[in-house]
Amino acid sequence: PKDPEIVRQMYEGADDGKTPWHHWAQPVAAWIGFFLILWLTLYCVTWIMRRHWIDNERLTFPLVQVPLVLTEETGERAGQLPLHKDPLMWVGFGISFVHFASIMLHAANPAVPTLGTRFDIGALFTEHPWNSLAPYWWAIYNPLLAGLAYFASQDLCFSMFFFFFLIKGVFVFYTLAGYRYPAGLPFFWEQSAGAFFAIALFYVWAGRHHLAKVLRAALGKEADGEGYRLPVVGLALGFAALCYWYVSVGMSWWVAALFFGMVILFAVVFTRGRAESGVPSLASFPFWQASRQLKSFLGSAPLLAGGSHANLTFLGSLIFLHFGLFPQTMTHQIESLKLAQERGVSRRSITWVMVLGMALGLAVTFHTFLSLYYEYGANVLAGGTFSGGYHVAIAVGEYNEVSGVLAGTPLLPDWNRNGYTIGAFVVTLVLVALRMRYLHFPLHPLGYVMTASYGYAYWFSFFVVWLVK
């Protein structure tokens with residue numbers, strides 16, 4: 001809506017609590033279309049890579065194993081007890097149930113004892129230089145993640161917590177060397193971006209024969225038994241549509257192409273990584289980096305095409321896309337196709353179910369959130385006050401950055417951040433090379449790739465599984 005009062009009421013709540021749907025009908029329909037294009041573009045990539053990931057590389061898909069076991073027919077597990085009669089299943093169920101039940105009961109009545117959600121290991125280190133390890137050194141108790149980590153290989157489990165400690169060691173190095181911490185150290189998300197770029201390069205090289213086959217089939221140079229032509233065309237058209245959406249209102253083509261290219265790249269690497277490692281974390285990808293990489297390496301000068309601030313403004317407005325959880329949509333797609341294959345459901349049927357579910361989910365989500373926003377206020381729901389919460393603060397920070405450029409304070413290339421991005425890129429490629437050269441090399445590159453952004457959230461679960469196995 002273009003009416004400032006309608007927008008203000010969304011953030012602060014309407015006096016009558018009613019949603020002005022006549023103002024929102026066209027914007028909601030347009031944005032549902034945008035998100036469907038994004039979803040379908042990612043699905044085209046999923047369809048192209050499905051056979052390579054499932055049949056050629058035979059990835060384990062740890063998150064798929066649980067619903068497969070839960071839905072298996074009686075006697076399907078030869079020589080094993082049915083799941084509901086397996087004592088080990090009930091042991092794991094009991095541990096998880098007691099843990100999470102105690103947390104909920106403790107929240108209702110603090111007198112109920114509980115382990116809580118985490119233990120602050122960093123608080124134990126108070127002496128110089130080890131106190132530099134304190135930030136974000138938590139042992140987070142997560143039986144769910146530990147159960148899923150059990151499906152991962154032993155070297156991957158080891159690498160998941162090894163690289164967490166290696167990244168933490170950066171603080172100790174700076175402290176011992178007497179260096180001042182640059183703002184943002186150790187640049188988790190920048191390291192994650194560099195690692196994602198490198199592992200994506202390796203995935204392209206490792207799948208070069210499959211990708212060449214897809215391209216030949218799409219061009220009609222060989223039989224297209226898997227139906228690759230449609231998803232290849234769909235990927236090209238979808239990507240062009242996403243870019244045009246913002247180019248049509250002032251963004252430069254090259255900026256839109258780089259931005260959406262990184263969004264799709266991060267989604268592909270995240271999906272491939274989860275299919276192998278089973279990390280169910282919402283945050284194992286480079287948050288914020290689809291725009292931050294452009295600003296960190298280029299500064300604001302190249303983005304001010306013709307003196308227009310459209311590129312910076314729209315990169316700020318796109319915070320919802322690369323700071324949110326959209327890479328997960330692709331993981332749901334490939335996992336659904338894997339489930340369909342295991343259970344004999346046709347790919348066409350599961351595709352239509354997902355498309356209809358996505359469209360319906362978007363419509364229900366817009367209706368639900370807009371209704372609540374006009375009743376209570378989006379800022380109130382986000383943070384309990386009219387100033388909003390964390391997400392509002394992030395968005396305001398993006399626009400303040402643009403305002404600073406407008407006021408004459410340009411953004412300069414940030415080589416502290418860029419150095420860690422480049423370093424992570426090189427480290428990941430070295431790990432890949434060592435892994436290919438030495439069959440029993442103990443460090444798995446994916447451990448670094450999936451740990452760099454939010455490793456503190458799940459290193460402990462993988463550590464416990466590694467000890468048990």
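Keep in mind the model is a prediction, meaning the values are calculated, not measured.
- Counting only residues at least two apart or in different chains, side chain to side chain donor-acceptor pair (under 3.5 Å) contacts with residues 27-37 are absent.
- Checking side-chain atoms of H210 against main-chain N and O of I48 turns up a donor-acceptor pair under 3.5 Å.
- Scored by the side chain to side chain contact (heavy atoms under 4.5 Å, CB included) test, S371 finds T19, W21, H367 as partners (sequence neighbours excluded).
- Distance CG/L318 to CZ/F314: 8.5 Å, rounded to 0.5 Å.
- To the nearest 0.5 Å, the span separating CZ on F161 from CZ on F460 amounts to 11.5 Å.
- Taking Y150 as the reference, nothing meets the ring-ring contact (aromatic ring centres under 6.0 Å, His included) condition, with sequence neighbours excluded.
- Evaluation of the salt bridge (charged side-chain N to carboxylate O under 4.0 Å, His left out) test over residues 434-445, restricted to residues two or more places apart or in two chains, returns D155-R435.
- Contact check on E335 versus K338 returns no salt bridge, with no Lys/Arg side-chain nitrogen under 4.0 Å from an Asp/Glu carboxylate oxygen.
- Residues meeting the salt bridge (Lys or Arg N to Asp or Glu O under 4.0 Å) test with E276, sequence neighbours left out: R272.
- With sequence neighbours excluded, the residues that form a side chain to side chain contact (heavy atoms under 4.5 Å, CB included) with L166 are F162, F163.
- Rounding to the nearest 0.5 angstrom, the gap separating the OG atom in S291 from the CG atom in L258 is 12.0 Å.
- When all heavy atoms are compared, the tightest approach of M450 to S277 is CE-OG, 4.1 Å.
- For D16, the side chain to side chain contact (heavy atoms under 4.5 Å, CB included) test picks out A14, K18, with sequence neighbours left out.
- The aromatic rings of W245 and F34 are tilted relative to each other, their planes meeting at an angle between 30° and 60°.
- Residues that satisfy the ring-ring contact (aromatic ring centres under 6.0 Å, His included) test with Y141, not counting sequence neighbours, are absent from this structure.
- Classified by interplanar angle (parallel below 30°, tilted 30° to 60°, perpendicular above 60°), the ring pair F285/F287 is parallel.
- Between the side chain of N418 and the main chain of D414, a donor-acceptor pair closer than 3.5 Å is present.
- Partners of F197 by ring-ring contact (aromatic ring centres under 6.0 Å, His included), not counting sequence neighbours, listed by chain and number: F266.
- A donor-acceptor pair under 3.5 Å is absent between the side-chain atoms of Q191 and the main chain of A452, judged by distance alone.
- Considering only residues two or more places apart in sequence or on other chains, T126 meets the side chain to side chain donor-acceptor pair (under 3.5 Å) condition with none of them.
- In this view, F125 and W137 satisfy the ring-ring contact (aromatic ring centres under 6.0 Å, His included) rule, not counting sequence neighbours.
- Partners of Y181 under the side chain to side chain contact (heavy atoms under 4.5 Å, CB included) rule, at least two apart in sequence or in another chain, are S132, F171, Y174, T175, L185.
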